[in-house]
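Comments concern the structure below.
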Amino acid sequence: MDESDNDPCDFIKITPDKLSTDEVSQLVVSPDCGAVSIFIGTTRNIFEGKKVACLEYEAYTPMAEMELKKILADIRQKWVSVKHIAVYHRLGLVPITEASVIIAISSPHRNDSLDAVKYCINTLKATVPIWKKEVYEEESYTWKENKECFWRKQDGL
């Protein structure tokens, strides 16, 4: 095993391409970790009684990548045993059942990786400039505001 394989690594990708859970999970596998925790956010087919056709994501990519790096740095401070972190987010149209976001984190034991994954997705939704539009079957759409947005709380909404 190469000594560089032992160094913690961060992987961030924002892409219009279909996401692969296998690809993302393999990035974080490590022989000294007994846990790989994964979150996969997928497009559901119904929201508040409306039939969803697909989701469409847009981002300010440079700022989104910068915010993701901050989240990963926070994770490394809060959970020092975390080994590798991968956050992949899809842009453009995401059909029903396909992944829009995949987060994978490895650690020697499950609690740190599970807690870190939850923190990562919640903080991503609150701070990263990626916007989601729900496209409905009846040819209407709605831009969705994340309830976790930090600016929403400041405005008292």
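Please read all numbers here as calculations on a predicted model, not as lab measurements.
Hydrophobic clustering, with ILVMFWY side chains joined whenever heavy atoms are under 4.5 angstrom apart, groups L91 together with V52. No continuous path of hydrophobic side-chain contacts links I46 to I96 [ILVMFWY only; heavy atoms under 4.5 Å]. Linking ILVMFWY residues whenever their side-chain heavy atoms come closer than 4.5 Å, directly or via other members, places L72 and I130 in the same cluster. Residue Y57 is grouped with residue I121 when hydrophobic side chains (ILVMFWY) are merged at heavy-atom distances under 4.5 angstrom, including chains of intermediate members. Under the 4.5 Å side-chain heavy-atom criterion for grouping Ile, Leu, Val, Met, Phe, Trp and Tyr, V29 is connected to Y88 within one hydrophobic cluster.
Taken from NZ in K13 to CG in L27, the straight-line distance is 9.0 Å, to the nearest 0.5 Å. One distance of note links CG of L93 with NZ of K133; it measures 8.0 Å at 0.5 Å rounding. Atom OG1 of T123 and atom CG of D74 lie 7.0 Å apart (nearest 0.5 Å). Here the OG-NZ distance, from S37 to K118, works out to 13.0 Å after rounding to the nearest 0.5 Å. Here the SG-NE2 distance, from C33 to H84, works out to 6.5 Å after rounding to the nearest 0.5 Å. Taken to the nearest 0.5 Å, the CD1 atom of I38 stands 11.0 Å off from the CD1 atom of I103.
Minimum heavy-atom separation, A104 to V24: CB-CG1, 3.9 Å. Nearest heavy-atom pair, V87 versus C120, reported as atom, atom and distance to 0.1 Å: CG2-SG, 3.7 Å. The heavy-atom pair separating A99 from I40 by the smallest distance is CB-CG2, 3.7 Å. Between L68 and L124, the closest heavy-atom pair is CD2-CD1, 3.7 Å. Residues G41 and F39 come closest through the heavy atom pair N-CE2, 3.5 Å. Of all the heavy atoms in R90 and P16, the pair that sits closest is NE-O, 3.8 Å.
Here the two rings, on Y119 and W79, have centers that are under 6.0 Å apart.
Taking 4.0 Å as the cut-off between side-chain N and carboxylate O, R76 and D10 count as a salt-bridged pair.
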Inset, instruction - Applying side-chain contact (heavy atoms from CB on, under 4.5 Å), run through E134 and L55 and close with a yes or a no. - result: CA-CA 5 Å; E134 284 186 347; L55 297 178; 3.3 Å; yes
Inset, instruction - For the pair E137 and K50, evaluate salt bridge (Lys or Arg N to Asp or Glu O under 4.0 Å) and give the outcome as yes or no after the intermediate values. - result: CA-CA 8 Å; E137 286 185 359; K50 293 183 180 180; over 6 Å; no
Inset, instruction - Give the intermediate values and the outcome of side-chain contact (heavy atoms from CB on, under 4.5 Å) for residues T42 and E98. - result: CA-CA 5 Å; T42 61; E98 289 190 15; over 6 Å; no
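By the 4.5 Å heavy-atom criterion applied to side chains, I105 and I85 are counted as neighbours. By the 4.5 Å heavy-atom criterion applied to side chains, E65 and I14 are counted as neighbours.
Looking at S81, S107, S106 one by one, the single match for side-chain hydrogen bond (donor to acceptor under 3.5 Å, both in side chains) with D112 turns out to be S81.
Looking at S20 and D22, their side chains never bring a donor and an acceptor atom within 3.5 Å of each other.
Judged purely by atom type and a 3.5 angstrom limit, H89 uses its side chain to pair as donor or acceptor with the backbone of S100.
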